[in-house]
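Below is one structure, written out as structure tokens; comments come after it.
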Amino acid sequence: MPELPEVQTVVNHIRPKIIGKQLMTIIPIWEKTLHNFNKDDIHGIKNNNKIIDVYRRAKFIIIEFTDKIIAIHLRMTGKLYISKNSTYPKHATAVLEFDDNESLIFEDVRKFGRIYLYDDLKVINSKHGPEPLDKNFTVELFKGMIKSKNRNIKALLLDQSFLSGLGNIYVDESLWESGIHPNSISSSIPVKKISTLHNKIQSILRNAILKKGTTIIDFSVNGESGKYANDLSIYGKNNKACFRCNSIIIKLKVAGRGTYACTKCQKKYDKKSTRIKC
DNA sequence: AGGCGTTCCTGGGGGC
DNA sequence: TGCCCCCAGGAACGCC
């Protein structure tokens, strides 16, 4: 499931290949893929159809034109890659065709992935929290964010309106590295632990980007595999020994997700703070 | 406010 | 071998 490092890897891969190209058409093979527009609406791009930049915001791949952006979300099983073939693979859900007979293929087995057309980033920014690797995402900011909520920490870290980019794998890894049980309540986590969590989220994401992401089930870039799978400490390791304390890792369900944890060395901070009513 | 269930989808795994 | 059932999960949405 593509999270921040996987999306960044896709961006790094396609960016140099499509900057400067002109978008001619979008072919919606699976109609619902174009979420807030239809293929005729890209006439709005027509006069300024040259791609000027490609970058990531949250888990979106942003393709920027002079006065429009196309935002692509891979969701669970989406893949995005350049192709020179005129035939499309079995699970292609949409195709962006360029002026030079090359295409950007959006392939998505489970069809959850979506493409959006916006004037700018405003809509996406309004629904998303800070970027965890941004210099403005400071320890002090994070402490305030965590302490201001009385929520299950895993649910909170998965919430894109709270913090952008994390998904099931990197949340479990970050909590394990920090020694925090996924069923902890955010407001009761000690500030020192929040500081550790901030540090671990950043180091895990940076390392995962260097390794080109994690290969689990569906993610790959043109057959090239991510190497972070070799660095996973907790995700998918149920019934195995914890690398840190050697006790057995369990699988549980938290926030509706399959969750891996070591109950011995991940401490549960679960006292809800009493709120003062005014 | 926050938690929970439901929906969208299909391939793959378990059971027999 | 084959068939049926169920499950995985990011995000949006409605309900309590």
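All of these numbers come straight from a predicted model, not from anything done at the bench. Every chain is numbered from 1 and lettered A, B, ... according to where its sequence line falls, protein lines coming before strand lines.
Of the listed nucleotides (dG3(B), dA8(C), dT10(B)), dT10(B) has the atom at the smallest distance from the side chain of His91(A). Of all nucleotides listed (dC9(B), dG3(B), dA12(C)), dA12(C) comes nearest to the side chain of Lys127(A). If you check dG3(B), dG9(C), dA11(C) against the side chain of Phe112(A), the one that comes closest is dG9(C). Set against dG11(B), dC9(B), dG2(B), the side chain of Asn150(A) has dG2(B) as its closest nucleotide. Picking from dG11(B), dG3(B), dG10(C) the nucleotide with the shortest atom distance to the side chain of Val109(A) gives dG11(B).
Considering only side-chain N and O atoms, Lys111(A) lies nowhere under 4.0 angstrom from the phosphate OP1 or OP2 of dC8(B). Side-chain nitrogen and oxygen atoms of Lys149(A) include none within less than 4.0 Å of the OP1 or OP2 phosphate oxygen of dA1(B). Remark: His73(A) is in phosphate contact with dA11(C), judged by side-chain N or O atoms under 4.0 Å from OP1 or OP2. Residue Tyr170(A) places none of its side-chain N or O atoms closer than 4.0 Å to OP1 or OP2 of dG10(C). A close approach under 4.0 Å does not occur between any side-chain nitrogen or oxygen of Arg257(A) and OP1 or OP2 of dA8(C). Phosphate contact (OP1/OP2 of dG3(B), side-chain N/O of Arg151(A), threshold under 4.0 Å): present.
No hydrogens or angles considered: a donor-acceptor pair under 3.5 Å links the side chains of Arg57(A) and Asn125(A).
Gly258(A) comes within contact range of the sugar-phosphate backbone alone, with a heavy-atom separation under 4.0 Å but no base atom that close. Among the atoms of the strands shown, none is found under 4.0 Å from any heavy atom of Asp108(A).
With hydrogens and angles ignored, a donor-acceptor pair under 3.5 angstrom links the side chain of Arg110(A) to the base of dA8(C).
In summary, Asp120(A) and Lys68(A) do not engage in a salt bridge, as defined by a charged side-chain N under 4.0 Å from a carboxylate O. A salt bridge is absent between Asp99(A) and Lys21(A); no separation between the charged side-chain nitrogens and carboxylate oxygens falls under 4.0 Å.
Nearer the 5' end of DNA chain B, as judged by each residue's closest nucleotide, is the contact made by Ser148(A), out of Ser148(A) and Lys90(A). Ranked by how close their nearest DNA chain C nucleotide is to the 5' end, Asn168(A) and Tyr116(A) are led by Asn168(A).
Atom P of nucleotide dA11(C) and atom CG of Leu158(A) are separated by 8 Å, given to the nearest angstrom.
A side chain to side chain donor-acceptor pair (under 3.5 Å) with Asn150(A) holds for exactly one of Ser187(A), Ser186(A), Ser188(A); it is Ser187(A).
Note that Lys267(A) lies in the cation-pi zone of Tyr269(A), set by a 6.0 Å cut-off to the ring centre and a 45° limit from the axis.
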